[in-house]
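Every chain is numbered from 1, with letters handed out A, B, ... down the list of sequences. Because the structure is predicted, anything quoted here is derived from the model rather than measured.
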Amino acid sequence: MTDLETFRRETRAWLEANCPAEMRTPPDDEEDRCWGGRNWKFKNEAQKQWLEVMAARGWTVPDWPKEFGGGGLSKDETKILREEMRAMKCRSPLDSFGIWMLGPALLKYGNEAQKKEHLPKIARGEIRWCQGYSEPGAGSDLASLQTKAEDKGDHYLVNGQKIWTSYANYADWIFCLVRTDPKAKKHEGISFLLFDMATPGVETRPILLISGKSPFCETFFTDVKVPKENLVYTLNKGWDVAKYLLTHERDMIGGMGLGGGRPLGQIAAQSIGVENGTLADPLLRADIAEFDVDAFAFALAMERAGDMMKTKQAHPAYSSFLKYYGTELNKRRHELVMSSLGSDGLEWESERSAEGDAPRAWLRTKANSIEGGTSEVQLNIISKRILELPGA
Amino acid sequence: MTDLETFRRETRAWLEANCPAEMRTPPDDEEDRCWGGRNWKFKNEAQKQWLEVMAARGWTVPDWPKEFGGGGLSKDETKILREEMRAMKCRSPLDSFGIWMLGPALLKYGNEAQKKEHLPKIARGEIRWCQGYSEPGAGSDLASLQTKAEDKGDHYLVNGQKIWTSYANYADWIFCLVRTDPKAKKHEGISFLLFDMATPGVETRPILLISGKSPFCETFFTDVKVPKENLVYTLNKGWDVAKYLLTHERDMIGGMGLGGGRPLGQIAAQSIGVENGTLADPLLRADIAEFDVDAFAFALAMERAGDMMKTKQAHPAYSSFLKYYGTELNKRRHELVMSSLGSDGLEWESERSAEGDAPRAWLRTKANSIEGGTSEVQLNIISKRILELPGA
Amino acid sequence: MALVLTEEQSMLRDSARGLVADRAPIAHLRKLRDSRDADGVSREIWKEFAAMGFAGILAPEDHGGSGLGHVEAGVVMEEIGRNLTPSPFLSTAILGATALKRAGGVRSGDLLSKLSAGDLLLALALDEKPKHTPKHIETKAARSGNGFTLSGAKTFVVDGHIADLLIVTARTAGGADDKDGVTVLLVDPKAKGVSIERTIMVDAHNAARITFDNVAVDADAVLGEIDAGAPLVEAILDAGRACVASELVGLSEEAFDRTVAYLKERKQFGKVIGEFQGLQHRASHLYCELEVTRAAVLKALQMLDTDADKARPYVAVAKARACGSADLAVREAVQMHGGNGMTDAIDIGLFMKRARVCQELFGDARFHANRIAKIRGY
Amino acid sequence: MALVLTEEQSMLRDSARGLVADRAPIAHLRKLRDSRDADGVSREIWKEFAAMGFAGILAPEDHGGSGLGHVEAGVVMEEIGRNLTPSPFLSTAILGATALKRAGGVRSGDLLSKLSAGDLLLALALDEKPKHTPKHIETKAARSGNGFTLSGAKTFVVDGHIADLLIVTARTAGGADDKDGVTVLLVDPKAKGVSIERTIMVDAHNAARITFDNVAVDADAVLGEIDAGAPLVEAILDAGRACVASELVGLSEEAFDRTVAYLKERKQFGKVIGEFQGLQHRASHLYCELEVTRAAVLKALQMLDTDADKARPYVAVAKARACGSADLAVREAVQMHGGNGMTDAIDIGLFMKRARVCQELFGDARFHANRIAKIRGY
């Protein structure tokens, strides 16, 4: 038996022994996930226990180095762990922008002190992070940001405004792009700062979305003092960190195309009924079949992308493809869910409709092709960097 | 009974009495149509007779003035004539670029002598015209044309090359855009000339297309002498004439979306068969149904466009919409024909397949969205002129 | 008939536009929504509609109506669509008036007079499945003495919780999917055994689920003929479908106009985003789709007025097209508005929500394309 | 198994690319077409293929084959696709070898040896309808003495007019659409009663219509089991489908590469047309579609090699995707090449023609999406 086969067997046994039964069902919605942080209230004992045993093993971040709270697993081992968790339907023990975005950026660009300070707390779910990128008026043109940080000797003084900061009202810390040289070209005067959301001068205001939910905030900074050691990487080189981190964000959002959830054919059959062995709505059946083909294939494209990255065959801009395609696919899926549910899917508040779960989820997907770089921006990136078309 | 009702009754009776039975079936293909011209060979007596009686009445060009060989009909009468011809399945007595394009341009921009000279011959099918617009390298950027006409006192000397000249090898005369002021801005140094294709120095070479046919030519001009009276409208103002004429071309090509031909559902049912009362290929059935909805609606959009033009409610650039939509629809139709016919539709030479009629027609449609201004150019025009988007 | 509005119809459009934009703009919808208004529509504004002749737009003049046609009704629906106005217009002035007019009789005449005055609200209780399936009617009206006993459940009943009378399709003979055996009944919503649950919808417009539990219904409640109500149902539906298609046309064009305006205003990368050809081509394509739909919808309305027997495929095409192009219009509107389009602070999302509901109402694009396939025999 | 080519597979690709591009580029197709070559393929080049081990790529090494898998066969098909090469590779090396290998037995082994040496061409005579409908087999093989009498008509038989042996699906029991009762027979094309009409196709590749008129066939002509040939047919088809999908991947990518190159070179309105964002976005979208397809096709090939019992839905998805993305690729290629793309003088139109034929071969995108729906039970 190879080492990897042994690892798989042991992992399976360990998960079997340690993952509580309640954590082997998909979460109901975003609020049912474990996000951690200073003020986190666990939904139940199982959620708490699952986070603790996984964090103790470093498996909230299996491929990070052990010294920073990670599991120290190889890429192959990490893949096996994920496969086994999926097979057993184990939930993610911890959802976190710290894990998905800041962590990889700190591992690459942070100094030793920063890694020691922040990574273990991310791994254990002690600090919940939010991302301070977008600004009103900047949108897709991220680099035109205006929030400024002035050098005041021992600290930076931050003033400005961010928008689309996910769960900023629940976050403990923020990683934030700020302008440190207003005279430089727009990509060159930007720096990457970390600071505590409890610092005086930080205010958040949730944004009401068309889904009726408020997962994002406007965030305001008024004379916020940030210690100088919280600058990541080089002054005025924050755009390098930002670009690296955006790639991780795109992978994450693109992955949403896989969607999980119940098969569309089942949803539709239950809602619409079956005649002569096929869905009673033949045109909807055709669209679902075509979606299923594409979703099936895209899952394989995600798998291939992982293997290409492992073998260094992937173009550095490949994540733009995954982000674009995955989010458009997810939007298509939810359009088809809505078409399958018909008028039942239009109810917004009833218990019967789980308080409008379906239409709210449908509307939520419309942001997928905007957040983390719009579909148009991804196509621009592919045109320029992969196809090398002029002027893109 | 109103005048129009009387006109309709009389028209129906006249058509009934005068349209030969052979001319009440759709033409088999483009070669089965009547194009006229000096060297025209009628396919049969009926074709000849039908042209003659219609031309005698001015009804090859019903809405042109009588003095130029037209029927002098009002717009409403013209519409009634077309409706009655359609109802009785009468063929067009004469297909002609002279009628569709040059005629309307001459009526608007020609001088009296030019109208008297050319329009009656067009109306009677005596002279067959071709169009000298496109040049190699110019493509969609029509105004960048290079063929030049130098003023030599009593004549212009034309040198250069045209491409995509429809049936230039059969045409008697050409209407042609030439550069008369090489120093002016590209739209401003262009003139509109007419000349006989028998003039020394004119050569044509048919282009073999992917359909295996050669409806277009490359046309070469070497020191072609063109009398000065053959200049239409003002020197260096030919672009105005060209734009006007292009609109007519677009209307014509856009109309192809209507397509006539056998209903797709019938073609598919015959080829694929029917199970439980519906087409045996359920996904193809879905696509055909969606096409039928769009084609049905587009026919109504064409009707509405006609009524909008009559009542001056149509935007001057409205023909770009018809051209874009109609040609894309026609391409879609032929894709569906090919999918319906399956492997039978792939035969290229057999008698069984009428010498590959279906695949040749399918390939021919691919040019629809290129000739007369590409789909991309039409979308640009809509963006700029109708939506008034900046920089379009 | 020319496929453009007549001068009178254009004038009607201008006055409808004035009234609706002035009295019931999108702010009106927001107010009803945010205040959780019990009716979900303004009865006061409905009285103003009636005073303008809109309540009785399809009703004959001798019953206090305007005696106009479907084109005129569609003109009003279009303005309702532009402003996302919650209004009894569809249920009462279109569906209700069509039912009463087609059914005829003295009682219908009296009701039409009340309806035209703005004093009678109606609602059509037809659907029983989550997807529009008009041929499927399980609700039973069993003969009982001189009348019927009604039992069953209806869903997606627009204005069901505010109607003064319900127009209910029920089965008086045959099985759930039979064409024969359908009867249309006028039912008092306050009658014993009727329970009405208002359902709060994604678009903040009215809908209800209604159950009938052994409800006693008089013999004179029958609209049209007993057991042979199917053609009446189809006539009501075709009027409804063509008019909902008009609403979608208005809604789509307003969403499109706002999007084009945004493209000319919003800057990114140092340019107005309308300068980007990628967006230009998509906007122009959408323009074309909307033009095609407008022609199809106007033709369907004209056919209902002039050649109703042949209108069916025209109506199917109109509703299919209107659903399809509205769907594209609102998706493009939200995407082109970017993050702003995702917020409740601006109106774009409201168009998307309403478009979704109008798509499901009386059959979506797929339902009607499938009808076309059936009509054409493949 | 990682979803990328192994080092050995990459090396194979490089050598296949060299051979095909060198010996059988598009000019080769044009030459065969324009000279109206009687075979429609070059037997000389086929011998070279055999010498490289490609004829016997799927055949076991003890029968002179290379003993490789479907991934390797797909790698070769991709190069054939890039160069639009007319070649017996599909019919003989994929379909024929799969049939013989799965059927087993001494005769099959001998034939595999001949096949690997490049001395035996095969053709699969399966389709009877213009649209691929493998379950429908009317061709009858009636028991007659020790063997059968074969009657029926087959269409779209790739390489049918040059094959040394025909692999024929026939009905030995049951009705035309029954699953049971299918038998696979090896038939000599020169046998009495066989008539073969070569059909000149839009893509200038080989196909034939074949009729069997009371053809006497020996008992040892049976491949696999009598009456239970359906699984063998499915196995042959799945190999064929995955490999045609590979051909489509190669064809699409070559058409795409040429289009992107043209976008960088062609000038209009004073700009290289690749600068127009409208075209950029379409090209980038197409890139994404091709990447998704590539993953699906590679996975299907891998599944055939490692887990053949579960390969069916993977193959269906691969063929559906390959048809869809190739269709988009060639349509965009022709449109973006403008008028030039319409001429026979450049190669772009040839990609469109071949893509159309490959789409119909063994089921188009709709056929396979419908299979997925059936597999998933809706």
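Nearest approach of D/Gly339 to B/Ile370, heavy atoms of both residues: N-CG2, 3.4 Å.
The side-chain hydrogen bond (donor to acceptor under 3.5 Å, both in side chains) check on B/Tyr167 picks up B/Glu30, with sequence neighbours excluded. A search for ring pair (Phe, Tyr, Trp, His ring centres under 6.0 Å) contacts involving D/Phe156 returns nothing, not counting sequence neighbours.
Only the side chain of B/Ile207 comes within contact range of chain D, judged by heavy atoms closer than 4.5 Å. Using a 4.5 Å cut-off between heavy atoms, D/Leu279 contacts chain B through its side chain alone, with no backbone atom that close. Looking at B/Leu363, the atoms closer than 4.5 Å to chain D (heavy atoms on both sides) sit in the backbone and in the side chain alike.
In B/Phe220, the CZ atom is crowded: over 12 heavy atoms of neighbouring residues, nucleotides or ligands sit closer than 6.0 Å.
Taking D/Gly349, D/Gly338, D/Gly278 one by one and counting their heavy-atom pairs under 4.5 Å with chain B, the maximum is reached by D/Gly338. Between chain D and the options B/Leu283, B/Leu208, B/Leu209, B/Leu346, heavy-atom pairs under 4.5 Å are most frequent for B/Leu346. The choice from D/Leu350, D/Val334, D/Val357 that makes the most heavy-atom pairs within less than 4.5 Å of chain B is D/Val357. Contact count versus chain D (heavy atoms, under 4.5 Å) is highest, among B/Ala286, B/Gly345, B/Ala138, for B/Ala138.
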All inter-chain donor-acceptor pairs under 3.5 Å (chain B, chain D):
{"from": "B/Gly137", "atom 1": "O", "to": "D/Gln268", "atom 2": "NE2", "distance (Å)": "3.4"}
{"from": "B/Ala138", "atom 1": "O", "to": "D/Gln268", "atom 2": "NE2", "distance (Å)": "2.4"}
{"from": "B/Ser140", "atom 1": "N", "to": "D/Gln268", "atom 2": "OE1", "distance (Å)": "2.6"}
{"from": "B/Asp141", "atom 1": "N", "to": "D/Gln268", "atom 2": "OE1", "distance (Å)": "3.3"}
{"from": "B/Asp141", "atom 1": "OD2", "to": "D/Phe269", "atom 2": "N", "distance (Å)": "2.8"}
{"from": "B/Leu208", "atom 1": "O", "to": "D/Asp344", "atom 2": "N", "distance (Å)": "2.9"}
{"from": "B/Ile210", "atom 1": "N", "to": "D/Met342", "atom 2": "O", "distance (Å)": "2.9"}
{"from": "B/Ile210", "atom 1": "O", "to": "D/Lys353", "atom 2": "NZ", "distance (Å)": "2.7"}
{"from": "B/Asp287", "atom 1": "OD2", "to": "D/Arg366", "atom 2": "NE", "distance (Å)": "2.6"}
{"from": "B/Asp287", "atom 1": "OD2", "to": "D/Arg366", "atom 2": "NH2", "distance (Å)": "3.0"}
{"from": "B/Glu335", "atom 1": "OE1", "to": "D/Arg356", "atom 2": "NH2", "distance (Å)": "2.4"}
{"from": "B/Ser339", "atom 1": "O", "to": "D/Lys131", "atom 2": "NZ", "distance (Å)": "2.6"}
{"from": "B/Ser339", "atom 1": "OG", "to": "D/Arg366", "atom 2": "NH1", "distance (Å)": "3.1"}
{"from": "B/Ser343", "atom 1": "N", "to": "D/Pro130", "atom 2": "O", "distance (Å)": "2.8"}
{"from": "B/Ser343", "atom 1": "OG", "to": "D/Pro130", "atom 2": "O", "distance (Å)": "3.2"}
{"from": "B/Asp344", "atom 1": "OD1", "to": "D/Arg209", "atom 2": "NH2", "distance (Å)": "2.9"}
{"from": "B/Leu346", "atom 1": "O", "to": "D/Val202", "atom 2": "N", "distance (Å)": "2.8"}
{"from": "B/Glu347", "atom 1": "OE2", "to": "D/Arg209", "atom 2": "NE", "distance (Å)": "2.8"}
{"from": "B/Glu347", "atom 1": "OE2", "to": "D/Arg209", "atom 2": "NH2", "distance (Å)": "2.6"}
{"from": "B/Trp348", "atom 1": "N", "to": "D/Ile200", "atom 2": "O", "distance (Å)": "2.9"}
{"from": "B/Glu349", "atom 1": "OE1", "to": "D/Arg36", "atom 2": "NH2", "distance (Å)": "2.6"}
{"from": "B/Glu349", "atom 1": "OE2", "to": "D/Arg36", "atom 2": "NH1", "distance (Å)": "2.9"}
{"from": "B/Glu349", "atom 1": "OE2", "to": "D/Arg36", "atom 2": "NH2", "distance (Å)": "3.4"}
{"from": "B/Arg352", "atom 1": "NH2", "to": "D/Glu197", "atom 2": "OE1", "distance (Å)": "2.6"}
{"from": "B/Arg352", "atom 1": "NH2", "to": "D/Glu197", "atom 2": "OE2", "distance (Å)": "3.1"}
{"from": "B/Ser369", "atom 1": "O", "to": "D/Gln335", "atom 2": "NE2", "distance (Å)": "3.1"}
{"from": "B/Ser369", "atom 1": "OG", "to": "D/Gln335", "atom 2": "OE1", "distance (Å)": "2.7"}
{"from": "B/Glu376", "atom 1": "OE1", "to": "D/Gln335", "atom 2": "NE2", "distance (Å)": "3.0"}
{"from": "B/Glu376", "atom 1": "OE2", "to": "D/Arg282", "atom 2": "NH1", "distance (Å)": "2.8"}
{"from": "B/Glu376", "atom 1": "OE2", "to": "D/Arg282", "atom 2": "NH2", "distance (Å)": "3.1"}

